[in-house]
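Every heavy atom of this structure was used, including side-chain atoms; hydrogens, water molecules and symmetry mates were not. Chain letters run A, B, ... following the sequence lines, proteins first and then strands; every chain starts at 1.
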2 protein chains.
Amino acid sequence: MNEAGGVTTAVRGDGEASADEAPVRPMRADAVRNRRLILEAAEEVFAAQGVSAPIDAVAERAGVGVGTLYRHFPTKEALFEAIVLTRLEELVAAAAAGAERDDAGEAFFSFLRTFAGKLSNKHDLIDALGAEGIDIKSQCAGMAGDLESGVETMIRRAEAAGAVRDGITPKEVLGLVVGLCQATERPEFDGVSRQRMVDVVCAGLRPQA
Amino acid sequence: MNEAGGVTTAVRGDGEASADEAPVRPMRADAVRNRRLILEAAEEVFAAQGVSAPIDAVAERAGVGVGTLYRHFPTKEALFEAIVLTRLEELVAAAAAGAERDDAGEAFFSFLRTFAGKLSNKHDLIDALGAEGIDIKSQCAGMAGDLESGVETMIRRAEAAGAVRDGITPKEVLGLVVGLCQATERPEFDGVSRQRMVDVVCAGLRPQA
DNA sequence: CACTATACGGAACGACAGTTCCGGTTGTCA
DNA sequence: TGACAACCGGAACTGTCGTTCCGTATAGTG
């Protein structure tokens with residue numbers, strides 16, 4: 001329902017350790033601190049409760065008022081995307097790394113398990129990747145594209161190595177793993193069950209007799 | 001002693017098949033008609049939109065007011081359960097039938113495909129079976145138990161026949177298929193993709209080398 | 001230390017969904 | 001046909017959630 005920029009005011013000098021100096025405009029110290037508190041809180045709350053978590057819960061956990069939260073992120077969705085984007089970046093990096101490895105087959109399946117592991121207890125990511133009917137927005141779309149590219153490379157190479165069944169697409173693989181994780185997250189399953197369910201999907205992706 | 005029934009007023013003479021003859025009191029003709037209209041509407045609306053569909057949408061589609069709807073079902077959840085229960089019954093029947101077949105392996109996988117097919121476009125069922133954290137209530141719980149029993153029988157027999165991997169539990173199988181369908185329902189997949197994704201899960205359930 | 005742009009907090013607003021209530025309608029039976 | 005109980009419709013109530021507004025507090029500066 002809006003354009004969704006991602007971040008509002010001139011972000012800057014966020015204490016993220018990087019040395020990126022943009023001489024736009026300095027941010028007040030308390031603002032910087034609160035921004036980080038909000039992001040940390042959102043990370044936890046969204047991970048635990050998914051997109052549907054009330055924004056007040058995030059504000060409360062961060063120890064700020066909702067007004068402050070909206071000063072930093074124009075919309076709930078913007079905040080959610082900021083979190084998801086970070087998570088997606090990790091996955092894209094993992095996919096890119098896997099696409100470089102020599103042992104294509106092992107690289108692919110190892111990535112899948114990493115992927116499933118990263119989704120574990122991250123309801124936000126699962127919600128974002130599993131959003132039915134609703135397209136992932138803005139920057140997330142690009143990230144999702146990057147993720148698919150990485151996976152595609154791994155698939156092609158693993159296929160060539162005879163380690164993966166023919167014809168499967170990255171979208172299908174990602175969809176399967178996301179669906180798997182939605183199932184896997186249910187409280188009725190213990191670690192053993194989860195492991196076995198991941199095994200089932202991995203086994204199904206191997207070349208078929 | 002008359003609360004948590006699921007149905008409000010003295011239902012009667014509805015095609016329930018059971019022999020429970022309660023000479024309580026007959027239902028007025030228009031009430032019977034409306035009740036069926038509501039159920040039919042709910043079936044369509046919930047299938048298309050899942051649990052989250054507004055109750056007004058059901059009332060409107062049925063051509064009745066919300067008041068009427070609430071006269072027949074004390075709560076949205078009660079109506080939802082009524083729909084899901086019907087759907088679950090079909091699945092239980094299919095599972096029971098499969099448990100009888102001689103070709104245990106084929107019976108199991110054939111059931112799985114039927115299962116996946118029945119979940120197709122039935123967001124209500126997917127929501128109900130995939131409800132995270134929220135337990136399926138009342139009669140649905142019993143039905144879900146019956147479903148598991150049927151699946152368990154099929155699994156054991158298929159295992160004995162060497163057609164299914166060892167150690168898998170009915171809960172895991174059902175979880176996998178529900179997760180699969182959550183993925184499969186996304187609009188980005190066409191029939192070919194869906195088929196392939198079902199194949200992947202089925203293949204993964206076969207005995208592993 | 002005073003001053004101001006910046007930032008903060010949280011009450012208030014509007015949208016939406018589930019549920020209740022009650023005046024009016026209608027099927028049913030004598 | 002008349003009368004009553006069952007039934008209907010939908011406005012109104014309640015609670016939740018996202019978002020806005022504005023008076024107050026404070027970091028940064030001269």
[X] side chain near [N] phosphate (N/O to OP1/OP2, under 4.0 Å):
X     : N      : result
A:T68 : C:dA7  : no
A:H72 : C:dA7  : no
A:T75 : D:dT19 : yes

Axis deviation across the helix from C:dC1-D:dG30 to C:dA30-D:dT1, five-pair ends, to the nearest 10°: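 What I find for the helix from C:dC1-D:dG30 to C:dA30-D:dT1 is an axis angle of 0°.
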Position toward the 5' end of DNA chain C (nearest nucleotide), A:G65 or B:I55: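 Per heavy-atom nearest nucleotide, the more 5' residue is A:G65.
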Residue closer to the 5' end of DNA chain C, B:V51 versus B:A29 (nearest nucleotide): B:V51
hbond_proxy A:R28 side chain to D:dT26 base (donor-acceptor, 3.5 Å cutoff):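 In this structure, the two groups form a donor-acceptor pair.
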Value rounded to 0.5 Å, distance of CZ in A:R35 from CD in A:E40: 12.0 Å
From B:L176 atom CG to A:T184 atom OG1, the distance as rounded to the nearest 0.5 Å: 7.5 Å
Ion pair present between [X] and [Y], side-chain N to carboxylate O less than 4.0 angstrom?
X      : Y      : value
A:D124 : A:K122 : no
A:D190 : A:R196 : no
A:E106 : A:R101 : no

Touch class at under 4.0 angstrom, heavy-atom based, for B:N34 against every strand present: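 Sugar-phosphate only.
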